[in-house]
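Chain A is the first sequence line, chain B the second, and so forth, proteins listed ahead of strands; every chain is numbered from 1. FYI, side chains are in, hydrogens and waters are out, and symmetry mates aren't considered; it's all heavy atoms of this structure. Keep in mind it's a predicted model, so treat the numbers as computed, not measured.
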There are 2 protein chains.
Amino acid sequence: MSVEIKISLNKGLYLKEPQDSKLGRKMIKHSIMLIEKFGFEAFTFKKLAKEINSTEASIYRYFENKHLLLLFLVNWYWEWVSYLITMNTMNVIDPKLKLKIIIHSFVAAHKENPNVEYVNESKLHNIVISEGMKAYHTKDVDSENSKGFFKSYKNLTTSVSKVISEVNPDFKYPYALATNLFEMSNNSIYFAQHLPKLTDISLKENKVVEVEDMLLYFTNKLLKK
Amino acid sequence: MSVEIKISLNKGLYLKEPQDSKLGRKMIKHSIMLIEKFGFEAFTFKKLAKEINSTEASIYRYFENKHLLLLFLVNWYWEWVSYLITMNTMNVIDPKLKLKIIIHSFVAAHKENPNVEYVNESKLHNIVISEGMKAYHTKDVDSENSKGFFKSYKNLTTSVSKVISEVNPDFKYPYALATNLFEMSNNSIYFAQHLPKLTDISLKENKVVEVEDMLLYFTNKLLKK
DNA sequence: TTTTTTATGATAGTAATACTATTATTATGA
DNA sequence: TCATAATAATAGTATTACTATCATAAAAAA
């Protein structure tokens, strides 16, 4: 008995909606596992096919190529975080508190329910942290952007920027701050894990709490009137 | 008659120092041009070989693979920015002014002299903006980090963090801010060019000036006592 | 200057990747 | 049950990311 949520994404991201079939959901599930484990570069449709006892050809019927699959996953994550924020800030009036909840969602989204059977949110978050930016750092950004492939990210940061403006209507850079909160959140976790000299976060035991505190500190100071 | 600077990098980044031979310098020069033009994914040693009238085999004698070549270029950039900052902040006592110069170096490094014949700094900056993060978002980060392949980046951010601490010794996150200034600078330029909805920067005529103002605004507010 | 060493070029070859195409088989649902 | 759609099985191609070998040219040492 679980809450049923289906996240619907831009139709251009897939050839055939993977969430609507058993095989498609297996593709999502195991691509997340493989990409998280071996990294996006080492990930191939052949390996995924083997993992799910299917064939390359079948996967190509769902996704144009592995880049579009990554975009699909990352979009799913953006939509999911948006959904979480909407749920968790519902009925919350104080914009400062809303922002606090948003920041918590950025660093600890994977701890939240409800969870979808075919998506391991924690692993997906790791993918977003390690590989996420590759989704929009390609020579095709402009054409993909015009097809609306980054709509979910824009919606997410736009809604965050609105809360920022609620907290301080005079703040000149609500969009940049919103985007930066998301990026900095992911970067800080990544750096703490792999390049600790680039951050002040230790990330031993109390993991992401430090990142959360930092983002909160930054935000409060920046939005102070 | 130009100032001769040779940036020396971690020896593990190359098999044979490309800056020491005519052919090697051609590799640097034309890899920058090709990567900037077609993107890192589409870049191959075969194409580079054709471009410089050499062979794949010869390139492989200099660089282990294209990822290491990218790392070489990005390291070169980090070292070069460090060098610029050192030069431009020499004899500057006021830490706030130092930080201002640092921020200017981050957004407008490519406008600076002295320039090296085989490196188009402007194009290299574009590569760092568009592809830079791919240099440290791989499954090999940890092993590459242990070989010192990110030393230049760490040195750069460490020196910036010191200035930050000079401005405000009580600020708790000097490293994170230093790193974030660099990353945000590049991201903002990238977003303004490709995903303008993610930023407040317009980037029409007066280009990077807006980014510079924003980073300065953020920094001042964050470091205010 | 001749010899030796080193750098580069020319060429070939291999395993893996990123696909496309075709045909057979199995579900599903009208 | 028949038709339609989904998947599997298989094969094939161009490109990528290399490695290996040998010839030749250029630079350094003798």
Side-chain angles (χ1 to χ4, degrees), chain A residues 11-31 34-35 37-73 118 131 134-135 137-140 143-144, chain B residues 11-31 34-35 37-73 118 131 134-135 137-140 143-144:
Chain A
K11 287 187 178 9
L13 292 167
Y14 49 81
L15 298 169
K16 200 169 163 216
E17 168 64 271
Q19 294 179 104
D20 284 352
S21 77
K22 213 173 164 182
L23 184 65
R25 288 188 292 268
K26 269 172 92 178
M27 289 176 193
I28 295 174
K29 184 173 187 171
H30 289 85
S31 64
L34 288 175
I35 294 173
K37 195 164 178 191
F38 302 111
F40 183 65
E41 275 68 42
F43 170 79
T44 68
F45 278 5
K46 199 167 201 167
K47 288 174 190 167
L48 175 57
K50 203 178 172 187
E51 194 77 10
I52 62 175
N53 293 312
S54 180
T55 61
E56 260 186 294
S58 294
I59 299 169
Y60 275 108
R61 273 184 217 109
Y62 282 84
F63 298 102
E64 234 175 287
N65 53 54
K66 73 170 183 170
H67 174 248
L68 269 293
L69 170 52
L70 179 66
L71 250 172
F72 180 93
L73 296 177
Y118 51 93
E131 321 281 358
K134 293 174 191 169
H137 279 92
T138 49
K139 271 292 151 184
D140 299 323
S143 95
E144 289 179 349
Chain B
K11 286 185 177 11
L13 292 168
Y14 49 81
L15 298 168
K16 201 169 163 217
E17 168 63 271
Q19 294 177 106
D20 284 351
S21 76
K22 212 175 166 181
L23 184 65
R25 288 189 292 269
K26 268 172 94 178
M27 289 176 194
I28 295 174
K29 183 173 187 171
H30 289 85
S31 64
L34 288 176
I35 294 172
K37 195 163 177 190
F38 302 112
F40 184 64
E41 275 68 42
F43 171 79
T44 68
F45 278 5
K46 198 167 203 169
K47 288 174 189 165
L48 176 58
K50 203 178 171 187
E51 193 76 11
I52 62 175
N53 294 312
S54 180
T55 61
E56 260 185 292
S58 293
I59 299 169
Y60 275 107
R61 279 186 207 107
Y62 283 84
F63 299 102
E64 233 175 290
N65 52 53
K66 73 171 183 170
H67 174 247
L68 269 291
L69 170 52
L70 178 67
L71 251 173
F72 180 94
L73 295 177
Y118 52 93
E131 322 281 358
K134 293 174 192 170
H137 279 92
T138 50
K139 273 291 152 183
D140 300 323
S143 94
E144 289 178 350

Please write out the pairs of protein N or O atoms and N or O atoms of nucleotides 4-9 of chain D separated by less than 3.5 Å, giving the distance to one decimal.
residue, atom, partner, partner atom, Å
D/dT7, OP1, A/Y62, OH, 3.1
D/dT7, OP2, A/K16, NZ, 2.7
D/dT7, OP2, A/Y62, OH, 2.7
D/dA8, OP2, A/S54, OG, 2.4
D/dA8, OP2, A/S58, OG, 3.1
D/dA8, N6, A/R61, NH2, 3.3

Please report the end-to-end axis angle for the helix from C/dT1-D/dA30 to C/dA30-D/dT1, five pairs per end, rounded to 10 degrees. 10°
How close do A/S31 and A/L69 get, counting heavy atoms only, and between which atoms? CB-CD2, 3.8 Å
Can you list the residues that meet the ring-ring contact (aromatic ring centres under 6.0 Å, His included) rule with A/H137, with sequence neighbours excluded? B/Y190
Are any side-chain N or O atoms of A/K139 and backbone N or O atoms of B/F40, one a donor and one an acceptor, separated by less than 3.5 Å? no
May I have the step-by-step check of side-chain contact (heavy atoms from CB on, under 4.5 Å) for A/F43 and A/L70, ending in yes or no? CA-CA 10 Å; A/F43 170 79; A/L70 179 66; over 6 Å; no
Enumerate the protein-to-nucleotides 12-18 of chain D contacts in which both atoms are nitrogen or oxygen and the separation is below 3.5 Å.
residue, atom, partner, partner atom, Å
D/dC18, O5', B/Y60, OH, 2.9
D/dC18, N4, B/E56, OE1, 3.2

With sequence neighbours left out, the residues meeting side-chain hydrogen bond (donor to acceptor under 3.5 Å, both in side chains) with B/E144 are B/H67
Any side-chain donor-acceptor pair under 3.5 Å between B/Y14 and B/Q19? no
Partners passing salt bridge (Lys or Arg N to Asp or Glu O under 4.0 Å) against [X] (at least two apart in sequence or in another chain):
X	result
A/D140	none
A/E131	A/K134
B/E64	none

Under 3.5 Å, which donor-acceptor pairs link side chains of residues 45-54 of chain B to any protein atom two or more places apart or in another chain?
residue, atom, partner, partner atom, Å
B/K47, NZ, B/A42, O, 2.6

Listed pairs under 3.5 Å, donor-acceptor, residues 56-63 of chain B side chains, sequence neighbours left out:
residue, atom, partner, partner atom, Å
B/S58, OG, B/T55, OG1, 3.1
B/S58, OG, B/R61, NH1, 3.4
B/Y62, OH, B/K16, NZ, 3.4
B/Y62, OH, B/S21, OG, 2.6

First and last nucleotide of DNA chain C touching chain A, 5' to 3', heavy-atom cut-off 4.0 Å? C/dT17 to C/dA21
Could you tell me the separation between the CZ atom of B/R25 and the CG atom of B/L23, rounded to the nearest 0.5 Å? 10.0 Å
